[in-house]
Q: 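Can you read through this structure? Questions will come right after.
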Amino acid sequence: KQEVTQIPAALSVPEGENLVLNCSFTDSAIYNLQWFRQDPGKGLTSLLLIQSSQREQTSGRLNASLDKSSGRSTLYIAASQPGDSATYLCAVMNTGNQFYFGTGTSLTVIP
Amino acid sequence: GAVVSQHPSRVICKSGTSVKIECRSLDFQATTMFWYRQFPKQSLMLMATSNEGSKATYEQGVEKDKFLINHASLTLSTLTVTSAHPEDSSFYICSARAFGRTYEQYFGPGTRLTVT
């Protein structure tokens, strides 16, 4: 069964700093990988979707990479802002179109 | 486009009662819907996959008689928690896969269930 792990579990950085969140998965037979943001008590906001054939996707200050063969993905956030504070989840979609979610990274950006 | 709604957003029920949660695709037809559960400070865990007109497929460890899923139309799936207990208190999120778009899913805003 697919296992998705995220490191670190929590991260606190000063405003303006660049940061990297890591995601690893055990089964490389995926269709895509998606990064989500979740605010406390709220649903999911999709940030970036990387198809299995792609290496990276960019949206504004966010850049996500995918190395399917090694089972790794990173989410790079440039020039962090207090509004970026949230939990970030990565999820991989398997052959049955089901998502398996990582354990999440709780990010706090200090003003 | 591609909006998924859930109702209710919050519900409190007494132990032993049943509660129904609705998941609707508002502007597209969803052949498949997925139900997830999230306990406090934990990630989302897939509970079941439902295809319109078929019985749901449950993940290992999820009691199908306790969590009844009905996907009777292309825009509506329901999750009924039967004989709820306090340990069923959780955040339930659904997602919907659009007809003809195999790899795209859209998530609902979630339902907070509290069983007292």
Side-chain angles (χ1 to χ4, degrees), chain A residues 1-11 21-27 29-54 57 66 68 86-108, chain B residues 1-10 21 23-24 30-52 54 56-62 89-114:
Chain A
K1 183 180 176 181
Q2 181 75 268
E3 300 281 345
V4 184
T5 304
Q6 291 183 245
I7 295 173
L11 182 63
L21 308 181
N22 298 288
C23 173
S24 61
F25 47 96
T26 54
D27 187 350
I30 65 171
Y31 278 142
N32 63 48
L33 182 145
Q34 197 159 352
W35 283 92
F36 295 90
R37 168 185 174 140
Q38 185 177 33
D39 292 287
K42 303 293 185 181
L44 304 179
T45 300
S46 177
L47 299 174
L48 288 166
L49 168 69
I50 309 177
Q51 301 290 356
S52 61
S53 58
Q54 297 176 321
Q57 282 287 333
L66 173 64
K68 196 173 81 161
T87 295
Y88 291 79
L89 298 169
C90 80
V92 297
M93 180 182 283
N94 71 354
T95 55
N97 307 127
Q98 298 154 331
F99 271 119
Y100 288 92
F101 283 82
T103 45
T105 293
S106 177
L107 173 65
T108 302
Chain B
V3 177
V4 176
S5 70
Q6 283 186 239
H7 178 79
S9 57
R10 291 176 180 272
I21 302 170
C23 176
R24 291 182 185 272
T31 51
T32 304
M33 288 186 172
F34 303 87
W35 286 94
Y36 298 84
R37 179 169 54 184
Q38 185 179 35
F39 291 109
K41 298 191 184 300
Q42 295 187 26
S43 193
L44 280 77
M45 297 297 293
L46 179 66
M47 297 176 65
T49 302
S50 73
N51 293 296
E52 186 266 338
S54 304
T57 302
Y58 291 81
E59 294 295 299
Q60 191 173 7
V62 178
S89 298
S90 187
F91 193 54
Y92 293 86
I93 299 180
C94 70
S95 69
R97 188 180 76 194
F99 177 75
R101 296 188 168 189
T102 305
Y103 308 126
E104 294 181 27
Q105 287 185 30
Y106 305 97
F107 284 82
T111 295
R112 172 74 60 192
L113 170 63
T114 303

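Just so it is clear: chains get the letters A, B, ... in the order the sequence lines come, proteins before strands, and each one is counted from 1. Keep in mind it's a predicted model, so treat the numbers as computed, not measured.
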Q: Hey, which of Thr45(A), Thr103(A), Leu89(A), Thr87(A) has the most heavy atom pairs under 4.5 Å with chain B?
A: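 Most pairs with chain B among the choices: Thr103(A).
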Q: Going by ring-ring contact (aromatic ring centres under 6.0 Å, His included), name the residues that satisfy it together with Tyr36(B), two or more places apart in sequence or in a different chain.
A: Phe101(A), Phe107(B)
Q: Would you sort out whether Gln38(A) and Gln38(B) count as a side-chain hydrogen bond (donor to acceptor under 3.5 Å, both in side chains), showing the intermediate values?
A: CA-CA 12 Å; Gln38(A) 185 177 33; Gln38(B) 185 179 35; 2.9 Å; yes
Q: For each of Ser9(B), Pro109(B), Gly110(B), tally heavy-atom pairs with chain A at distances under 4.5 Å, and name the one with the top tally.
A: Pro109(B)
Q: Which one wins on heavy-atom pair count under 4.5 Å against chain A: Leu44(B), Ile93(B), Thr111(B)?
A: Leu44(B)
Q: Given that the side chain runs from C-beta out, which part of Leu46(B) has a heavy atom under 4.5 Å from chain A: side chain, backbone, both or neither?
A: side chain
Q: Looking at side-chain heavy atoms only, is the closest gap between Met93(A) and Gln105(B) below 4.5 Å?
A: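 In contact.
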Q: Take Glu59(B) and Gln98(A), measure what side chain to side chain contact (heavy atoms under 4.5 Å, CB included) needs, and give me the verdict at the end.
A: CA-CA 11 Å; Glu59(B) 294 295 299; Gln98(A) 298 154 331; 3.7 Å; yes
